[in-house]
Protein chains: 2
Amino acid sequence: MLKRERHAYIMHEIDIHNKVLSSDLSIQLTVSEDTIRRDLQELDEKGNLTKVHGGALSKSFHFTLRNNIVYSQPEKRIIAQKARELIQDGMLVLLSGGTTIIELIKSLPPELNATFITVSIPTALELLDHPNIEVIFIGNKLLKNAQMSVGAEVVLRLAEIQCDLCFLGTNSIDVDHGITDLELEVIEVKKAMIRSAKKTVSLSISKKLNTVQRMVVCKIEEVDILITELDPGDELLKTFKKAGIEIL
Amino acid sequence: MLKRERHAYIMHEIDIHNKVLSSDLSIQLTVSEDTIRRDLQELDEKGNLTKVHGGALSKSFHFTLRNNIVYSQPEKRIIAQKARELIQDGMLVLLSGGTTIIELIKSLPPELNATFITVSIPTALELLDHPNIEVIFIGNKLLKNAQMSVGAEVVLRLAEIQCDLCFLGTNSIDVDHGITDLELEVIEVKKAMIRSAKKTVSLSISKKLNTVQRMVVCKIEEVDILITELDPGDELLKTFKKAGIEIL
DNA sequence: AATGTTTTTGCGTATTTATGCAGTATTAAA
DNA sequence: TTTAATACTGCATAAATACGCAAAAACATT
């Protein structure tokens, strides 16, 4: 087996399980642990995974959630303020997960009367806090780290829906590669969300602009509106504007 | 389990509960307390938490370790201990909402390998905390105060399922009136849950025994097992035993 | 095809890391 | 103050890793 194939196999394992053990891989691929260790080292240097003692973990494996919330909260507040202007009474709105979305929900005026659909447990919990809005959760198998429903059932049920707006808390957005993400199962659902909505809105702090992850959620043309904490005239946003995206 | 994974688990616990006990973590992660102590020390040095005698606290919120604000009453712990004995590897288990259920989930051994189905958002969130178990959420319209899915769609989907056990966090149970509750929509779902399970287990602190609410969920005969914090021989439980219910 | 070069791989050995244990010291709760 | 829980120290062990080296494989060149 070629090195390339091993690398592909390892990344596949990482995609599915979010972790690999050197010892396991050594047996599965019938090579020495030294080789595996060197493979993991290379993949780490390329930024495809995080090597740790005993194996490797997916890049999406982070445990500083709370610190992140506190850290970029002001930016996310600004984004939330802009985003909420788009939501009007009577609308049917699709929401993803993520801290930016949570911030958006917190900023919704209490008198708003709309229906929100989501697949994310924390998003649902935050939505339930609001007095007027109706909340619909599309359930199925829940993904541990993303805390959201995934799987074919979710995709199918999303296909039956026609929403006015879809807000995506975006990890990575880039003019050439579009919106990208890490986990296969998450991407399946996000794709379905985009298909079910008349307009797709990407919420993204400026740090995440022009970054790319491993797997594609959608091309840049499929994004209708991009909201960042920056001024719409900012230099960083020019390329997105040129690609025909409305900037708020 | 890799050290990094342990660290992630610990930080996740901190994010949710604002505190962790070394003794708990040692059991949950099946490593010695020494290891946990070293983990906490490292995470402290990295600035992710504050280590204290007996465990660790969140950096952002400074509670003391042993106040009962976060952790709940001892009665519910006792009930949880008894209830978890019923759950075995490979089982399909249906859970309602409520703090007793949350306590049950917290007490589940980390090596347990089972599938849990629920309609309650807080229950789902707690289940996601567990390293091994699979979580399925049955979604639909969410009810604000109960924080759970309700409606015909939920009832229909429950009807398609055949579970081994159904645990109900019970508000009111009485020999003559059975399990009773307040809201119509909640009752519809609880009825469906009972129908889908081979055995129904009612979790109830003794205060709630022999109380009645407005609407009936099920007759007393439909309850297979009743779990309270009392000794099974307790006087209070005699009438239930006479009604043919197994008491734990 | 023959040759030289580079890359890849596995092995032995030394080193580092991770973890648990036992005994003692310390802390905090009753 | 007493007592039980928790922490620390040093040590033992096993697992994982780094390093140098040599064989093997892949590749390039003639």
Side-chain angles (χ1 to χ4, degrees), chain A residues 1-14 17-59 61 63, chain B residues 1-14 17-59 62-75 77-78 81 106-107 109-111 131-132:
Chain A
M1 180 178 258
L2 294 166
K3 196 167 84 159
R4 290 261 181 75
E5 293 179 80
R6 277 204 318 271
H7 284 198
Y9 181 91
I10 293 169
M11 287 317 299
H12 187 242
E13 286 294 298
I14 286 275
H17 301 113
N18 280 317
K19 89 163 177 183
V20 288
L21 302 181
S22 307
S23 50
D24 285 357
L25 288 173
S26 163
I27 296 165
Q28 287 165 17
L29 300 171
T30 52
V31 289
S32 74
E33 288 205 31
D34 288 78
T35 304
I36 295 296
R37 213 169 292 120
R38 283 185 272 241
D39 284 342
L40 295 180
Q41 218 160 357
E42 270 186 62
L43 289 166
D44 186 336
E45 277 160 25
K46 278 199 274 176
N48 295 4
L49 46 72
T50 308
K51 168 120 194 50
V52 296
H53 197 92
L57 295 168
S58 157
K59 279 256 166 179
F61 209 93
F63 51 76
Chain B
M1 183 178 247
L2 297 166
K3 195 169 84 161
R4 264 291 205 13
E5 290 183 277
R6 275 204 319 269
H7 286 194
Y9 182 92
I10 293 169
M11 284 319 296
H12 193 236
E13 287 294 301
I14 286 276
H17 302 118
N18 286 317
K19 70 177 186 186
V20 288
L21 301 180
S22 305
S23 48
D24 283 359
L25 288 173
S26 163
I27 296 164
Q28 287 171 293
L29 299 170
T30 53
V31 290
S32 73
E33 291 202 31
D34 289 82
T35 302
I36 295 295
R37 204 171 301 115
R38 282 185 272 240
D39 284 342
L40 296 179
Q41 217 161 348
E42 270 186 63
L43 289 167
D44 188 338
E45 278 160 26
K46 280 198 271 175
N48 294 4
L49 47 72
T50 308
K51 174 143 184 30
V52 294
H53 194 95
L57 301 170
S58 159
K59 277 248 163 180
H62 266 237
F63 292 103
T64 51
L65 250 196
R66 284 169 224 292
N67 53 6
N68 285 350
I69 295 171
V70 184
Y71 279 56
S72 55
Q73 302 131 359
E75 291 97 334
R77 280 230 171 145
I78 297 167
Q81 295 295 324
K106 277 186 187 155
S107 81
E111 67 275 12
N132 273 317

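Chain A is the first sequence line, chain B the second, and so forth, proteins listed ahead of strands; every chain is numbered from 1. Because the structure is predicted, anything quoted here is derived from the model rather than measured.
Interface residues of residues 25-33 of chain B facing DNA chain C, ordered by number: B:Val31, B:Ser32; criterion, heavy-atom separation under 4.0 Å.
The NZ atom of B:Lys106 lies 10.0 Å from the CD atom of B:Gln28; values are rounded to the nearest 0.5 Å. One distance of note links OG1 of A:Thr50 with CG of A:Leu43; it measures 11.0 Å at 0.5 Å rounding. Residue B:His53 holds its NE2 atom at 9.0 Å from OG of B:Ser22, rounded to the nearest 0.5 Å. Rounding to the nearest 0.5 angstrom, the gap separating the CD1 atom in A:Ile27 from the CG atom in A:Asp24 is 6.5 Å. Atom CG of A:Leu21 sits about 11.0 Å away from atom CD1 of A:Ile36, to the nearest 0.5 Å.
Two residues are said to be in side-chain contact when any heavy atoms from C-beta on lie closer than 4.5 Å; A:Glu42 and A:Lys3 meet this criterion.
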Verdict with supporting geometry, A:Arg6 and A:Thr35, side chain to side chain contact (heavy atoms under 4.5 Å, CB included): CA-CA 10 Å; A:Arg6 277 204 318 271; A:Thr35 304; 3.4 Å; yes

Check against side chain to side chain contact (heavy atoms under 4.5 Å, CB included), A:Asn48 and A:His7: CA-CA 10 Å; A:Asn48 295 4; A:His7 284 198; over 6 Å; no

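Between the NZ atom of B:Lys51 and the P atom of C:dT26 there is a distance of 17 Å, rounded to whole Å. Note: CD1 (B:Ile36) to P (D:dC8) measures 14 Å, nearest angstrom. For the pair B:Leu21 CG and C:dT27 C1', the computed distance is 16 Å after rounding to whole Å.
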Are any protein N/O atoms closer than 3.5 Å to N/O atoms in nucleotides 19-28 of chain D? If there are, list each pair with its distance.
unit_1: D:dC19; atom_1: N4; unit_2: A:Asp34; atom_2: OD2; d: 3.3

Taking only N/O atoms, report every protein-nucleotides 14-18 of chain C pair under 3.5 Å with atom names and distance.
unit_1: C:dA18; atom_1: OP1; unit_2: B:Lys3; atom_2: NZ; d: 3.0
unit_1: C:dA18; atom_1: OP2; unit_2: B:Lys3; atom_2: NZ; d: 3.3

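Contact detail for A:Gly47 and A:Lys59: the closest heavy-atom pair is O-CE, 3.2 Å.
Between A:Ser22 and D:dT17 there is a side-chain N or O to OP1 or OP2 distance below 4.0 Å.
Paired with B:Leu40 under the rule side-chain contact (heavy atoms from CB on, under 4.5 Å), one option of B:Ile14, B:Val52, B:Leu49 passes, and it is B:Leu49.
Partners of A:Asp34 under the salt bridge (charged side-chain N to carboxylate O under 4.0 Å, His left out) rule, at least two apart in sequence or in another chain, are A:Arg37. In this structure B:Lys51 satisfies the salt bridge (charged side-chain N to carboxylate O under 4.0 Å, His left out) test with no other residue, sequence neighbours excluded.
For the helix from C:dA1-D:dT30 to C:dA30-D:dT1, the terminal axes (five pairs an end, C1' atoms, rotation from four pairs onto the next four) enclose an angle of 50°, given to 10 degrees.
Between A:Ser23 and A:Ser26, the side chains place no donor N or O within less than 3.5 Å of an acceptor N or O (distance only, hydrogens not considered).
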